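Structure first, then comments.
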Amino acid sequence: MQYNGEHLLPGQVGHFLTLLSLVAALIASFAYFKANKLTLETEKQSWMQLARAVFLVETLSIFTIFGILYFIVANHYHEYFFAWNHSSLSLPPKYLLACIWEDQSGSFLLWAIWHCVLGWVIIWRSKKWEAPVLMVINFAQFFIVTMIIGLYIFDFKIGNNPFILWRNHMPELPLFTDPNYLTLPRVHEGNDLNTLLQNYWMVIHPPVLFLGFASTVVPFGFAFAGLINKDHSWFKSSIPWAAFSAGILGLGIMMGAAWAYESLSFGGYWAWDPVENASLVPWLVLVAGLHTNIIYKATGHSLRTTYFFYIMSFVLVLYSTFLTRSGILGDTSVHAFTGSDMTLQLVLFVLVFLVPALTFFIIRYKSIPAIVKEENTNSREFWMFIGSLVLFLSSIIIIAKTSVPVFNKIFNTNIAPPEEPEFAYNQIQIFVAIILGILTAVTQYFKYKDTVPAYFGKKILIPTIIALVLSILISIFGGIHYDKQGIGFLIAIHVAIFGSVYSIVANAGYIWIVMNGKLKASGASVAHFGFGLVLLGILVSSSRKTVLSQNTTGVAVFKKDKKEDPAENITLFKRIPTDMGKYTVTYQSDSFNNAERKRFFEIDFKSKDGLESFKLYPDLIKNNKGMEGFAANPSSKHYFNKDVFVYISAFEENNKTDTASYRPREVKVGDTVFYSNGFMVMNKVLVNPLELKDRINPGEQAIFLDINVFSKEGKIYPVRPGIAIAGNTARLISDTVAQQSMVVRFNKLLDPKVGKMEIGVKESGAVASLITLKVYEFPWINILWFGVIIMTIGFFMSILNRLKKSALTSV
């Protein structure tokens, strides 16, 4: 059948270049392998030239593949399943890049791009180590490209082809019997980008995170090169690379936390989600390896440990790839890819690097330089090693808990997740925070190899006293009373606060006291200072996180479940000011943004002390990809010392036809009338009341009834229905109790002598629009974000400092 409107050439070129890059990666890896083994310089250079030429072909292919894929998505060529499944005509153009890495093949392609970039930097800077390190990178690239080729060998499928036509991907669909299927509305519009990814953070966060993932192959490559060549002089060249990888990966992880904070409605930035954990664990091990690498450079200790940590950091990146892409976490993580058929490939990807690296490590273990004498406990290297060991043990605990679904799958067990997943991690990691805070405070005050106790005590005394005083003040006056998990955990929080403050003060003191204010040479201290801020920001913002939206209305829109409690979600009726603790909150209006395809809500906040007044605009976007309901995007008011964080937890719009009728009731002053959710009391009759003159037109005489409505929840609502008369014309003035979905009107006067009147009462779901709002206050959360920035700056200051001192230009 001849199909109309298809654009086949981009996909054909893209798939050809994918195969070309696969072959080029394998040839480049082999050429670098040969160059690494040869000692004769002419032969070595011949293989190096071939390797570089093929690597250039590989690089151009990968970048062109990415460009073609973006071209297909941006032009909405929905004959390609990739474009149809991840974009739509109505998707805002600013999110088109996010369409690429929503798919597994697109994110693997992003990984491959960074491998190419890193490879050329190594060619430029690391002459001696180019061959063995590029051999490893190209071999890893080969496996990554297999994830996007989409070829069958017999019945076994290798990878997912992003250039496959939809009609070839799902040939059984009836729509492909129509040669004009591209004009069908469902095909023409597209399946859209997942609503959770329609956020600016998801345009910038994945490239940074995948640069971090990709860069872990470089320290691994140096370590592997040292093992196969029996040459351990790589340790100087690897330090800037490890620092770069740790800085970028840490930044990428925390950008993901910022995305979660701004886009997800769990009320925070970290939930120990398995995908979050899978990215954190390699970072912890990498940072441990960076510190042991520095130890070896300074003292000759810990090279064996450095080998192990660098190997495991990259292997754990591969393992995290397996966890998040095999579908094994589908029921335990909101971030993981599901429905994948690449499990075997992913397992092989892990094993093909783990097994050879560990095998060489075991074989070469005894030949790796090591000092038999133990480190002095008064030395810097001893406490740096202890810190590295704590990082590694922390990573083991986290990955073990995260891997429970894997254990269940392998051993056919049914280990259930804990009832409180966050506390299951926090109860252990709080002690890790204490240890690391104290170690990052004191370790730099030790000298390598040995430190005179009097010298150490003199230097550390003032920072210790300052930190102790500040942490006590924070504990006493900081309002930290988190007792949800008992007094023991609360005590641990206060000790951890001391550890974080100690880290901040001691590292600032080290720059001033020991480094004499030489900030440019103090990259490590700056990074540790930032790390202390991160710890303090996490501890204070989490332990003092407060729910402000206690439901004072008594109106519950939904039932309590594991995610939401109606008692902590305030119900707001449109344009009705509502009491919410220290704020009066009003749901002013809502509007639909066609470009963003979101419904924005204007929420007005006014503090009761009159000092604060601001508006927030949380929004809802309709879920897609088979999910029902709406996804809530939070909004925050940022202060220097806190964030007010809100999101919509429920929404009922008044767009129904009002079919309810008024029920007549006879009343006199003092009478009680019942309705479905309470009763109302007729208080008195008001004639031309001044306080209601805005409801009376010029020339009218008016009578109003003063009525109080009492709900079952104990709330009292005043209501003032009336009649306005001008000549022979009477106008009924109804009044609404939106919180009770009720309208009351004054129908007529029945018997003036006895004061008998008739009112009409209407209860209708079409009376008012309402929302339920969840509001948190995060005190001092900006300490966390500021700490992330400072820590990243510290990493890069260290890189520049080491590049100036030694490093790669002479290697």
Side-chain angles (χ1 to χ4, degrees), residues 5-11 13-14 17 62-114 148 162-166 182-211 252 255-256 258-264 335 337 590-601 617-627 630-635:
E6 291 184 335
H7 305 81
L8 303 182
L9 182 61
V13 173
L17 291 175
I62 291 294
F63 274 87
T64 307
I65 291 166
F66 186 89
I68 292 173
L69 195 58
Y70 182 81
F71 174 80
I72 288 172
V73 170
N75 286 278
H76 303 290
Y77 289 168
H78 291 166
E79 58 267 37
Y80 295 96
F81 180 75
F82 187 102
W84 175 83
N85 195 38
H86 300 296
S87 69
S88 66
L89 290 175
S90 57
L91 181 71
K94 60 185 178 182
Y95 299 134
L96 286 173
L97 277 174
C99 297
I100 294 180
W101 33 81
E102 181 191 26
D103 187 84
Q104 293 207 44
S105 54
S107 56
F108 275 121
L109 182 59
L110 181 61
W111 193 344
I113 284 175
W114 287 128
I148 63 174
F163 299 106
I164 191 170
L165 294 171
W166 189 10
L182 288 174
T183 62
L184 299 175
R186 184 73 177 89
V187 178
H188 183 67
E189 171 58 27
N191 201 34
D192 208 2
L193 177 67
N194 189 306
T195 53
L196 294 177
L197 304 184
Q198 295 183 34
N199 180 278
Y200 68 94
W201 278 113
M202 290 312 293
V203 177
I204 59 177
H205 154 59
V208 176
L209 183 66
F210 273 90
L211 174 56
M255 288 174 73
W259 164 72
Y261 180 66
E262 290 200 6
S263 300
L264 302 182
H335 304 81
F337 293 95
D590 59 84
S591 59
F592 190 81
N593 185 311
N594 288 311
E596 294 281 347
R597 301 177 302 168
K598 296 176 179 178
R599 182 176 294 278
F600 288 86
F601 297 82
Y617 299 89
D619 67 81
L620 293 176
I621 182 170
K622 186 174 177 56
N623 277 324
N624 55 15
K625 307 282 186 178
M627 297 183 292
F630 292 84
N633 287 308
S635 180

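Everything numeric here is computed off the predicted structure, so don't read it as measured data.
Here the SG atom belonging to C99 is positioned 10.5 Å from the CG atom belonging to N194, to the nearest 0.5 angstrom. Atom-to-atom distance recorded for Y70:OH and N75:CG is 9.5 Å, nearest 0.5 angstrom. With rounding to the nearest 0.5 angstrom, the CG atom of L620 is 8.5 Å from the CZ atom of R599. Interatomic distance, L109 CG to F66 CZ, rounded to the nearest 0.5 Å: 6.5 Å. For the atom pair CH2 (W114) and CG (L209), the distance works out to 12.0 Å, reported to the nearest 0.5 Å. F592 contributes atom CZ, which lies 8.0 Å from atom CD1 of I621 (distance to the nearest 0.5 angstrom).
Taking 4.5 Å as the limit, some side-chain heavy atom of D192 sits within range of a side-chain heavy atom of Q198. Under the 4.5 Å side-chain criterion, counting only non-hydrogen atoms from C-beta, E102 is not in contact with S87. Here the side chains of Y95 and L197 are not in contact, with every heavy-atom distance at 4.5 Å or above. For the pair M202 and W259, the minimum side-chain heavy-atom distance is below 4.5 Å. L196 places none of its side-chain heavy atoms less than 4.5 Å from the side chain of S263. No side-chain heavy atom of Y80 sits under 4.5 Å from any side-chain heavy atom of L69. Here the side chains of R186 and W84 are in contact, with some heavy-atom distance below 4.5 Å. Side-chain contact check for R597 versus S88: some heavy-atom pair is nearer than 4.5 Å.
Listed for the N624 side chain is a donor-acceptor partner under 3.5 Å among the backbone atoms of L193.
Here the shortest heavy-atom pairing between I100 and F82 reads O-CZ, 3.6 Å. Closest heavy-atom contact between I72 and A83: CG2-CB, 3.8 Å. For the pair V203 and A98, the tightest heavy-atom approach, listed with the atom from each and the gap, is CG2-CB, 4.4 Å. In plain terms, the two heavy atoms of H86 and D103 that are nearest each other are NE2-OD1, 2.9 Å.
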Start with the C-alpha distance between L9 and V13, add both sets of side-chain angles, then the distance that settles side-chain contact (heavy atoms from CB on, under 4.5 Å), and finish with yes or no.
-> CA-CA 6 Å; L9 182 61; V13 173; 3.8 Å; yes
Between T195 and K622, does a side-chain contact (heavy atoms from CB on, under 4.5 Å) hold up when you go through it step by step?
-> CA-CA 7 Å; T195 53; K622 186 174 177 56; over 6 Å; no
